[in-house]
2 protein chains.
Amino acid sequence: MARPKVGEIDRSSSADKVEKILQGAMQEFLAHGYAGTSMDRVAEAAGVSKATVYSHFQDKEGLFKALIEKLARKRFHSILGTQPLKGEPYMVLRGLAATALDQMVNDQEYQAFERLLMGESARFPELAQVFIHSIAKPAIETISKYIASCSELNIPDPEATARILIGSLVHFVITQEIMHGKDIMPMEGDRLIDALTHLIVNCAD
Amino acid sequence: MARPKVGEIDRSSSADKVEKILQGAMQEFLAHGYAGTSMDRVAEAAGVSKATVYSHFQDKEGLFKALIEKLARKRFHSILGTQPLKGEPYMVLRGLAATALDQMVNDQEYQAFERLLMGESARFPELAQVFIHSIAKPAIETISKYIASCSELNIPDPEATARILIGSLVHFVITQEIMHGKDIMPMEGDRLIDALTHLIVNCAD
DNA sequence: GTCTATATTATGATAGAC
DNA sequence: GTCTATCATAATATAGAC
């Protein structure tokens, strides 16, 4: 608990409180969704009073939007860690797919974020678009450019192919982890990666 | 409005009421999610009193589960309409992908269903698994078997390849339609289908 | 079986003390 | 700036009349 004990002086600054509120909001919104989260619980999780939450954020919607934008910015900087992305196509694509899949499968926060954004994408379309703009689009562009740069692959449509690569991986995480399909239709991630790289690398006419 | 006017006798049977309640529940839950839906609004949308809703369903959770299971059963019977799935691979796979993509893109109810299940998959994991079991798994198996039956394609892992096909299509619908990405990173569905069929058909060693 | 009316609790948001 | 206490509303669920 960062909250000071009774009798102690709370030395946390206003900026600290904002950060604590956003932390509490993250915990609650990621776990229970927008409508399922109450401002009382956010305040409790943050270790501040509800009035303090409202003094820093206009209302529940404003807090939610601030949180999503913060999370999107954070994710933007951790997409495949700015690898050089040069070298022999088979190994590069394989490493790329393996790294991305491993990160998504082992990152519960990512999965909760994806769940939240999809679930709220009807009520908050502009927040879903923040995700598209700052995460999905850059990822597609990066891979698309790499594929286009590999003339020996002879890929007619690099962008569509990049979407197949990313879409296969993300959908695998959605079905296996997010929607809890791994017990019902189990499959090793390596099989997907093998099949993907095989398709992309071995189809040069 | 199916609701009888004042002074008229309500001749709807009990079974009719159950159906009306499920209709109202579908409208509300698909639009506002689980926590965002109130039983008052469900009753209003169904044209019955709230007490009637509770007389047919134990509680909000019971109504929600009954609805999701009904929708999953309904979708189970409309997956690619039991096509024969025989013939020359390139045309069969192309037709399959085009039909599936067209159906998903133009079916708002499907998109809302997917959104709802993903959004609630943390709170109701068993309902997400109903979806996996009755929709995702059969689709993968059908396509997997077809791919395996085409020996001329020489695909090393038909099931992984089927997941790539379906995953690419579903993820395309998720990014473009459900998450409203089509204005930000537009792309014709035909390009995805061309790239997919090219990869699968032209990679025989 | 179905309705109206109500009990009870939880929620978003704010007033006022310090 | 932050807290406690509170308001007004909306939610789940049920009691009791017909």
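In what follows, every chain begins at residue 1, and chains take the letters A, B, ... in the order their sequences are listed. As the structure is a computational prediction, the values presented were derived from the model and not from experiment.
With hydrogens and angles left out, the side chain of A:K50 and the base of C:dA13 share a donor-acceptor pair within 3.5 Å.
Considering only side-chain atoms of B:K17, the nucleotide from C:dT2, D:dC3, C:dT4 that sits closest is C:dT2. Side-chain proximity of B:Y54 to the nucleotides D:dT12, C:dC3, C:dG12 is greatest for D:dT12. When distances are taken from the side chain of A:K60 to each of C:dA13, D:dT12, D:dT2, the shortest belongs to C:dA13. If you check C:dT11, D:dT12, C:dC3 against the side chain of B:S38, the one that comes closest is D:dT12. Taking the side chain of B:S49 as heavy atoms from C-beta on, and the options C:dT2, C:dG12, D:dG1, the nearest nucleotide is C:dT2.
Taking side-chain N and O atoms only, A:T52 has a distance below 4.0 Å to OP1 or OP2 of D:dC3.
Atom CE of B:M39 and atom C1' of C:dT2 are 16 Å apart (whole Å). Atom pair B:H56:NE2 and C:dG1:C1' shows a separation of 7 Å (rounding to whole Å applied). Look at CZ on B:R41: it is 16 Å from C1' on D:dT12, rounded to the nearest Å. When the C1' atom of D:dT2 is taken as reference, atom CZ of A:F57 falls 15 Å away, rounded to whole Å. Atom CD in A:E61 sits roughly 18 Å away from atom P in C:dT11 (whole-Å rounding). Going from atom CG of A:D40 over to atom P of D:dA5 covers 14 Å, rounded to whole Å. Rounding to whole angstrom units, CD of residue A:E28 and P of C:dT11 are separated by 11 Å. Rounded to an integer number of Å, the gap from A:E44 CD to D:dC3 C1' is 15 Å.
Residues A:F131 and A:R75 have side chains not in contact (no heavy-atom distance under 4.5 Å, counting atoms from C-beta outward). Within the 4.5 Å cutoff, the side chain of B:M104 has no heavy atoms near those of the B:F172 side chain.
Residue B:E126 qualifies as enclosed at atom CD: its count of foreign heavy atoms under 6.0 Å is above 12.
Within the 4.0 angstrom heavy-atom criterion, only backbone atoms of the sugar-phosphate kind lie near A:D59; the bases stay farther away.
Within the model, atoms OG1 of A:T37 and CE of A:M26 stand 12.5 Å from one another, a figure rounded to the nearest 0.5 Å.
If you run side-chain hydrogen bond (donor to acceptor under 3.5 Å, both in side chains) between A:S121 and each of B:H180, B:E177, B:R115, only B:R115 comes through.
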